A.B. asks: 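I have a structure here, written as structure tokens, and I will follow up with some questions on it.
Numbers restart at 1 for each chain; the letters A, B, ... are given by sequence-line order, proteins then strands. Please read all numbers here as calculations on a predicted model, not as lab measurements.
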There are 2 protein chains.
Amino acid sequence: MVNESVWLRPARRERRPLTLDRIVAEAVALLDEEGEARLTMRRLAERLGTGSTTLYWHVKTKDDVLDLALDAVFGEVPLPAAGAWRERAAALVTGWRAALLRHPWSTGLLDRPLMGPNALERTEFLYATLAGAGFGGADLPAAAFSLSTFVTGSATMQARDPAGDGAAVAGRLLAHREAYPVLAAHGLDPDWDAVFARGLAYLLDGMAARTQP
Amino acid sequence: MVNESVWLRPARRERRPLTLDRIVAEAVALLDEEGEARLTMRRLAERLGTGSTTLYWHVKTKDDVLDLALDAVFGEVPLPAAGAWRERAAALVTGWRAALLRHPWSTGLLDRPLMGPNALERTEFLYATLAGAGFGGADLPAAAFSLSTFVTGSATMQARDPAGDGAAVAGRLLAHREAYPVLAAHGLDPDWDAVFARGLAYLLDGMAARTQP
DNA sequence: CCGGTCCTAGTACAGCGTATTATCGGTCGG
DNA sequence: CCGACCGATAATACGCTGTACTAGGACCGG
């Protein structure tokens, strides 16, 4: 069915064309607002003012949308401009973590290949920074992947946290206090920023010591 | 509809009762064989020889099945008996990684709260080991979470790898060699065991240096 | 005016998770 | 021995999903 009237039909140029970029941007917005479970091709299309199956002209499957949305998150990670290798690496992974936490749904998509241009660009930056710092041979992939697994793991860990409301979790721990004494004494919701900063320091210290003793 | 004939109907005691444990074990088997996308309540029930909705007497939702399956994987991680703190921690995370990689679908479930008894037991063990080694104050959660995020991140990274067949990935990298020069020179499928071992060494070195200088 | 090409909409289908309801088989009180 | 109960199972049904297929609208070069 076509729009009934000339007057109601949006004027030619007012109707923004449907593009892949608009689809991805709207998917990110929808995921931010409602989470992964509520991302539906129909709902996404509705927000874009189109029919649901129209999306399939721009995109092959729903998985494509998710891959593109995830890479869009990586696109938010700034590439630090200058500084010593350690500061540059720390700045990169800190911004990386922040981007993932700004879109908590993204941590649920971190399985699946990270082959988008934005992801590759950040990985390349990390490799290049470390290579320039003297990491070579087996140390280069080890250092690069240590940092990236650390950041994705940290973000996933933290994003997972609020799911069960803290009180219920604490209660469960206290109820089994004899089985988990140390855990019960410390709780499972630390100061995540501090944990990340200190853990990153451990890792960078270890990397520096092994290669520049 | 009831089984038609006495002869075809399984004898009383031959028919194993449907229990939560059987459901979870079968879910793990199904996930191992066919992956997460093919895990369906109907298919799971079929393998168990029951109707699909019968499962809902033992389980509240499908998510419960996934949570339980994931915790079953954690249950495969051995708790090392003796040794210095560093060896115990290394043994724990190495076994942890192995269990996750034995069931690659598990890395796709690592968002979602890890509150099962097996997960908690491993976390408690890690906390206790590190606390006994002298990690205190802010160093205790930092050290414990660094290790666990490192292991989950590493397993996820590696499990993600084979998705796009290596050749296509390498081709894509080479096609954009000028954009990703360092990456193209090294490829994206390193020796994962070596990467993990070295990265773990970085981390443990850094932890040891900060707390036992 | 006409073809073709890019894009959009509609219809339809198989499969999903699960709420609801009916029914079974075994155990136990009388 | 029997009826009543109850833990466990099955069947049916509903709304929603991803997406294949098809038909059409809008623009464009000739």
A.B. asks: Hey, does L39(A) reach any base, or is it just sugar-phosphate, or nothing, if we go heavy atoms under 4.0 Å?
C.D. replies: sugar-phosphate
A.B. asks: Is the ring centre of F196(A) less than 6.0 Å from the ring centre of F150(A)?
C.D. replies: yes
A.B. asks: Expressed as a whole number of angstroms, how long is the span from E46(A):CD to dA9(C):C1'?
C.D. replies: 15 Å
A.B. asks: If you round to the nearest 0.5 Å, how far is CZ of R112(A) from CG of D63(A)?
C.D. replies: 4.5 Å
A.B. asks: Expected output is a numbered-order residue list: members of residues 53-70 of chain A with a heavy atom under 4.0 Å from any atom of DNA chain D. What is it?
C.D. replies: T53(A), Y56(A), T61(A), K62(A)
A.B. asks: Check every atom of dA10(D), dG17(C), dA9(C) against the side chain of T50(A) and return the nucleotide holding the closest atom.
C.D. replies: dA9(C)
A.B. asks: Let me spell it out: for each of L18(B) and T40(A), pick the nucleotide of DNA chain D with the closest heavy atom. Which residue's pick is nearer the 5' end?
C.D. replies: L18(B)
A.B. asks: Report the distance from atom CG of L100(A) to atom CZ of R97(A), rounding to the nearest 0.5 Å.
C.D. replies: 9.5 Å
A.B. asks: How long is the line joining CG of L30(A) and P of dT17(D), in whole Å?
C.D. replies: 11 Å
A.B. asks: Closer than 3.5 angstrom, by distance alone: can the side chain of R88(B) be matched with the main-chain N or O of A82(B) as a donor-acceptor pair?
C.D. replies: no
A.B. asks: Would you mind reading off the distance between L44(B) atom CG and dG15(C) atom C1', rounded to a whole angstrom?
C.D. replies: 16 Å
A.B. asks: What is the distance, rounded to the nearest whole Å, between atom CZ of R42(A) and atom P of dG15(D)?
C.D. replies: 14 Å
A.B. asks: As an exercise, state the distance from CE of M157(A) to OG1 of T149(B), rounded to the nearest 0.5 Å.
C.D. replies: 5.5 Å
A.B. asks: Is there a donor-acceptor contact under 3.5 Å linking the side chains of Y202(A) and D139(B)?
C.D. replies: yes
A.B. asks: Rounding to a whole Å, what distance do you find between I23(B):CD1 and dT18(C):P?
C.D. replies: 13 Å
A.B. asks: In whole angstrom, give the distance that lies between atom CE of M41(A) and atom P of dA20(D).
C.D. replies: 10 Å
